[in-house]
Amino acid sequence: MRLARPIALAASAVLMMSLAACGEDEGGSGLEAPIAEEPNVEEGSKAAELASQDTITIGVKTDQPGIGFLEPGADVPTGFDIEVAKYIAGQLGFSPDQIEWEETVSDNREPFLQQGTVDLVVASYSITDERRDVVGQAGPYYVTGQQLLVREEDKENITGPDDLKDVSVCSVTGSTSLETVEEEYGAVAKPFDTYSACVRQLQNETVDAVTTDGAILLGYAAQDPDNLEVVGEPFSEERYGVGYFPPDDTATCQFIVDAINSMYDDGYWADAFEATLGESGVETPEPPEPDACS
Ligand code: GLU
């Protein structure tokens, strides 16, 4: 356990690379996020409150390979979101062993933030106006788009969202993916709690397609490449943000945006991408510019 320490209000954070070996039990990828000795947080902000805690609880997905994934038997999840979370926690002064990982599914991200079950959410969490009405979302730190995952034998029949009319399509309750496919493309939507449950439905032929962000689907296709294929072009824009609470805490939003920009500048973002989503053969993109906090 980390000892409680006073909040430092340094104009510029003094960064120290973690000397601790970051093995499988501490953060998965082996990448070591810098850890701020004196987090640059504004007094009275949620970020300052978090920096004074002994540990930080971060809500992440645990069934999305490449993004947020917990190997059976492992203590710590791996993936791009996990690296982003490790970096932001590092800017708040936390080492990987001071992070408590909490599984979130698509539908409980807002309530988990509102109720304080988690301090932050880094969980393939698209920024939307509706969500920004009830929680804060800083970013984006990554942009992807909704696509389709089908069984290999259907890849000529289902090639894009216009082929979905009356097709049974699985997606997740509380996701932007489910809303888009139901409202815009007339699919017979089958809502489940997680995308891994959807993929099982596709494999056992209970549904004929799964839809969500391409980045998520690529991870599942890579797990069963003989049987599953991602088809068509992206048909939405999903801008991943970091969830925090309360939404009007501009200083905390700015703290997270500064951390995201610092991750771009020092190369951690690109290294993290290559070590996670990049493993499936996707080229490292240009990082997106975060929205202004206001
Ligand atoms: N990014 C989309 C969303 O936040 C879909 C992925 C997910 O459900 O996590 O709704």
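For ligands, and for the atoms within them, numbers begin at 1 and follow the listed sequence. The basis for the numbers below is simple: all heavy atoms, side chains too, and nothing from hydrogens, waters or symmetry mates. A quick note: this is a predicted structure, and the numbers were derived from the prediction, not measured.
Checked against a 3.5 angstrom limit, the closest N/O atoms of Tyr240 and ligand 1 fall outside it. Checking only distances, Ser126 does come within under 3.5 Å of ligand 1, N or O to N or O. Checking only distances, Asp213 does come within under 3.5 Å of ligand 1, N or O to N or O. Remark: ligand 1 and Ser106 share an N or O pair separated by less than 3.5 Å (distance only, no angle test).
The two atoms that bring Thr194 and Val172 nearest to each other are C-CG2, 3.2 Å, heavy atoms only. Taking both residues in full, the closest heavy atoms of Pro290 and Asn261 are given as CD-OD1, 3.6 Å, listed atom of the first, atom of the second, then distance. Minimum interatomic distance between Phe112 and Glu103 (heavy atoms only, all atoms of both residues): CE2-O, 3.6 Å.
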Next on the checklist: Quick one, Asp129 with Arg132, criterion salt bridge (charged side-chain N to carboxylate O under 4.0 Å, His left out). Give me CA distance, side-chain angles, the key distance, then yes/no.
Outcome noted: CA-CA 5 Å; Asp129 291 345; Arg132 272 186 169 164; 5.8 Å; no
Checklist entry - Between Tyr142 and Phe80, does a ring pair (Phe, Tyr, Trp, His ring centres under 6.0 Å) hold up when you go through it step by step? => result CA-CA 10 Å; Tyr142 178 59; Phe80 187 59; 5.7 Å; yes
Item to check | Test ring pair (Phe, Tyr, Trp, His ring centres under 6.0 Å) applied to Tyr195 and Tyr220, step by step | outcome: CA-CA 9 Å; Tyr195 295 107; Tyr220 292 122; 7.2 Å; no
Checklist entry - Between Arg151 and Asp208, is a salt bridge (charged side-chain N to carboxylate O under 4.0 Å, His left out) present by the stated rule, with each step listed? => result CA-CA 7 Å; Arg151 287 183 299 275; Asp208 292 321; 2.6 Å; yes
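Residue contacts with ligand 1 for Arg109 involve side-chain atoms from C-beta outward but no N, CA, C or O (heavy atoms, distance under 4.0 Å). Contact annotation for Ser177 and ligand 1: only side-chain heavy atoms (C-beta onward) come within less than 4.0 Å of the ligand. Looking at Arg131 against ligand 1, only its side chain comes within 4.0 Å, counting heavy atoms.
Ring centroid separation for the pair Phe255 and Tyr244 does not come in under the 6.0 Å cut-off.
Close approach of ligand 1 to Lys61 is summarised as follows: ligand atoms under 4.0 Å from at least one heavy atom of the residue are 7 (C), 8 (O), 9 (O). Atoms of ligand 1 found under 4.0 Å from any heavy atom of Thr212, numbered from 1 in the order shown, are 5 (C), 6 (C). Each of the following atoms of ligand 1 lies closer than 4.0 Å to a heavy atom of Ser175: 8 (O), 10 (O).
Of the options Asp107, Val172, Thr176, Thr104, the smallest heavy-atom separation from atom 10 (O) of ligand 1 is shown by Thr176.
The closest side-chain donor-acceptor pair between Asp213 and Thr144, if any, does not fall under 3.5 angstrom.
At least one heavy atom of Ile216 sits closer than 4.0 Å to an atom of ligand 1. Residue contacts with ligand 1: Gln146 is excluded, as none of its non-hydrogen atoms falls under 4.0 Å.
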